[in-house]
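All remarks here apply to the structure that follows.
All values below come from the heavy atoms of this structure, side chains included, with hydrogens, waters and symmetry mates left out. All residue numbers refer to positions in the sequence shown, counting from 1.
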Amino acid sequence: MNIKVVGDIRVGKIQPSLTGNPIVDDVLIQHFCDRLKEKLNSLQLFTDIIPDHFFDATKPCADIILMDRRIISDLPDELLMNFKIIDIDHNDILRGNITGALKGIKRYDSGKNVSAI
């Protein structure tokens, strides 16, 4: 199982940004990914945490996707229906706060729907 973190999208018609600066976005999203990976590893849950700046809703993906709620609200529901999406607060990604992501992953693992859709 891989987990992809979508905090910005740099392709397609809709290109939401985390901060408006791609260099800053890279650093903030990577920091969030690194913190999440450290925590999951400490819980003996070894998985890849991948920043995804090129999310394409037309390409199927079996990974779990942690997506900024602001991006979810920008994209049509029918495009997101076929993905395993856990919504993450925009400010959590900015601040590297992984608490909400961990709760979402835990709820997802227990079979509850945690998507904002």
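Follow the hydrophobic side-chain contacts under 4.5 Å out from Ile50 and you never reach Leu66; the two are in separate clusters. Under the 4.5 Å side-chain heavy-atom criterion for grouping Ile, Leu, Val, Met, Phe, Trp and Tyr, Val27 is not connected to Ile49 through any hydrophobic cluster.
Judged purely by atom type and a 3.5 angstrom limit, Asp63 has no side-chain atom pairing as donor or acceptor with the backbone of Ile65. A donor-acceptor pair is defined here as one N or O able to donate and one able to accept, closer than 3.5 Å; such a pair exists between the side chain of Asp25 and the backbone of Leu18.
Closest approach of Ala101 to Leu36, counting heavy atoms only: CB-CD1, 4.4 Å. Taking all atoms of both residues into account, the shortest heavy-atom contact from Arg10 to Phe54 is CB-CE2, 3.8 Å. Of all non-hydrogen atoms in Asp74 and Pro16, the two that sit nearest each other are OD2-CB, 3.9 Å. Listed here is the closest heavy atom pair of Gly96 and His31: CA-CD2, 3.9 Å.
Rounding to the nearest 0.5 Å places CG of Leu45 at 8.5 Å from CD1 of Ile105. One distance of note links CZ of Arg70 with CG of Asp87; it measures 13.5 Å at 0.5 Å rounding. From Leu79, atom CG reaches atom CD1 of Ile14 across 8.0 Å, with rounding to the nearest 0.5 Å. Considering CG of Leu102 and CZ of Arg35, their distance stands at 9.5 Å, rounded to 0.5 Å. From Lys84, atom NZ reaches atom CD1 of Ile3 across 11.0 Å, with rounding to the nearest 0.5 Å. Rounded to the nearest 0.5 Å, atoms OG1 (Thr47) and CG (Asn41) are 9.0 Å apart.
Side-chain atoms of Asn97 and Thr99 form a donor-acceptor pair, as typed in the model, at a separation below 3.5 Å.
Counting only heavy atoms from C-beta outward, the side chains of Asp56 and Val11 never approach each other to under 4.5 Å. A 4.5 Å side-chain heavy-atom check between Phe32 and Ile88 finds at least one atom pair inside the cut-off.
Taking the charged nitrogens against the carboxylate oxygens, Arg69 and Asp92 have no contact shorter than 4.0 Å, which rules out a salt bridge.
Under a cut-off of 6.0 angstrom, the local environment of NZ in Lys37 is crowded, with over 12 non-hydrogen atoms contributed by other residues, nucleotides or ligands. Other residues, nucleotides and ligands contribute only 12 or fewer heavy atoms inside 6.0 Å of the CZ atom of Arg95.
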Where do His53 and Asp26 land on the side chain to side chain contact (heavy atoms under 4.5 Å, CB included) test, with the steps shown first?
CA-CA 8 Å; His53 303 284; Asp26 283 348; 3.2 Å; yes

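Of the residues listed (Val5, Asp52, Ile93, Val6), the one engaging Met67 in a side-chain contact (heavy atoms from CB on, under 4.5 Å) is Val6, and it is the only one.
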